[in-house]
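Report on one structure; see the data block that follows.
Each ligand, and each atom within it, is numbered from 1 in the order the structure gives. Atoms considered below: every heavy atom in the structure, side chains included; atoms not considered: hydrogens, waters and symmetry mates.
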Amino acid sequence: MKLLITGGAGFIGSHVVRRFVLNYPQYLIYNLDNLTYAGNLENIRDIEDAANYKFIKGDIADEAFIRNLFQENQFDAIIHLAAESHVDRSITNPLEFVKTNVLGTANLLNASRMLWRDGNDENNKHRFYHISTDEVYGSLGSTGHFTETTPYDPRSPYSASKASSDHLVRAYYHTFKLPVVISNCSNNYGAYQFPEKLIPLMIHNIKNNKPLPVYGKGENVRDWLWVNDHAAAIDTIFHKGVIGETYNIGGNNEWKNIDLVMYLCRLMDQKLNREPGTSAKLITFVKDRAGHDLRYAIDSSKLKRELNWEPSITFETGLELTVDWYLNNQEWLDEVTSGNYLKYYQNQYMNR
Ligand code: NAD
Ligand code: TYD
């Protein structure tokens with residue numbers, strides 16, 4: 001099995017790459033990543049010398065590059081995670097999201113169609129697995145859950161670009177019989193998450209006694225899932241998911257932002273031996289995000305019922321593991337927050 005994983009130097013992708021490299025030594029894993037600001041080879045340093053692993057730097061939106069790469073390597077299957085992923089950045093620079101998330105996905109679909117069109121798939125290996133988000137379903141009121149049949153209603157440039165990519169994936173299934181599968185997951189947290197997202201940003205700022213910017217009144221609700229559990233779900237769906245199907249992945253774990261930040265403050269006070277209440281004083285309510293979705297909540301009962309997946313740990317345990325990881329990996333955080341890691345990679349690749 002020649003398995004291409006895109007975006008494997010990012011947050012979730014690095015956990016997926018590690019899991020597949022270690023658990024499936026019989027597969028050849030190709031990690032294609034353009035090393036944008038969110039890509040960091042430090043995230044997968046521990047497996048970079050594995051015999052079944054190869055890193056490729058490149059842009060999924062580059063049509064000729066992708067076509068040649070597929071012809072050269074004859075991939076059997078793809079797990080596609082590469083994307084621009086931060087809602088706030090999509091408000092500042094929407095076109096970058098359209099380019100990578102829409103055009104990039106279309107390029108990969110097209111290259112897969114060309115490669116697999118002879119229909120020679122005796123071992124039923126071919127599979128285009130697209131990783132998406134619950135944000136495509138839009139925003140909920142105080143009740144209800146997203147299911148796999150909830151109509152799409154994306155409301156940010158990020159979620160609209162992911163919704164577009166999902167539509168393209170389904171179009172290639174129906175039109176060209178491309179063997180696709182899609183999953184839509186809720187908010188992830190865990191080790192190696194770039195500290196622009198809520199949880200690592202708050203951990204970093206609490207540690208450094210900096211203000212904790214809570215958008216609006218902190219009333220927005222997200223469902224949080226430990227990234228290792230997302231990687232386990234991806235493993236399950238890749239191997240057992242039914243072609244043409246969509247699976248929702250969630251933690252059944254809804255938190256109001258302000259409650260989550262307060263909880264983190266209490267946990268960090270303990271970890272840093274601070275007086276209870278010290279970190280919470282850093283909370284600062286700031287201008288709300290434009291078009292801020294109120295609530296996401298996912299119904300992942302299909303995945304539990306059909307493929308027997310469920311989260312392995314509680315949020316409290318996952319959050320403590322995550323806080324410990326960030327406190328024990330200060331060097332990683334310093335390199336990322338200072339931007340040093342970018343210079344290092346630019347030089348490394350220029351010198352090759
Ligand atoms: P991330 O931003 O941490 O990583 C994205 C990776 O893609 C980076 O390594 C980056 O270098 C790479 N990349 C970006 N543009 C590229 C391009 N044009 N060509 C090649 N590589 C490129 O993102 P993440 O949080 O790990 O998310 C991974 C996937 O999971 C995304 O598709 C995202 O939509 C989806 N997702 C994320 C979450 C979440 O909570 N983070 C939840 C559900 C779904
Ligand atoms: P984020 O981690 O950016 O994920 P998403 O927007 O994809 O859900 O944000 C999670 C929630 O936290 C979201 O409601 C926005 C809010 N938020 C803040 O209140 N302050 C912040 O500094 C950030 C980054 C997010």
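By the criterion of a heavy-atom distance under 4.0 Å, neither the backbone nor the side chain of Ile199 is placed next to ligand 2. Contacts between Asn187 and ligand 2, counted as non-hydrogen atom pairs separated by less than 4.0 Å, involve the side chain only. Residue contacts with ligand 1 for Lys162 involve side-chain atoms from C-beta outward but no N, CA, C or O (heavy atoms, distance under 4.0 Å). Residue contacts with ligand 1 for Tyr189 are absent, since no atom lies close enough (heavy atoms, distance under 4.0 Å). Contact annotation: for Leu35 versus ligand 1, heavy atoms closer than 4.0 Å belong to the backbone alone.
Nearest to atom 23 (O) of ligand 1 among the protein's heavy atoms is Ser85 OG, 3.2 Å. In terms of protein heavy-atom proximity, atom 9 (O) of ligand 1 is closest to Asp33 OD2, 2.5 Å. Taking atom 28 (C) of ligand 1 as the reference point, the nearest protein heavy-atom neighbour is Leu81 O, 3.5 Å.
Those atoms of ligand 2 that come under 4.0 Å of a heavy atom in His292, given as number and element, are 13 (C), 14 (O), 15 (C).
The existence of a salt bridge linking Arg222 and Glu254 is excluded, since no basic side-chain nitrogen approaches an acidic carboxylate oxygen closer than 4.0 Å.
In terms of polar-atom proximity, defined here as any N/O pair under 3.5 Å, Tyr37 makes no such contact with ligand 1.
Between the OH atom in Tyr137 and the CG atom in Asp293 there is a gap of 14.0 Å [rounded to 0.5 Å].
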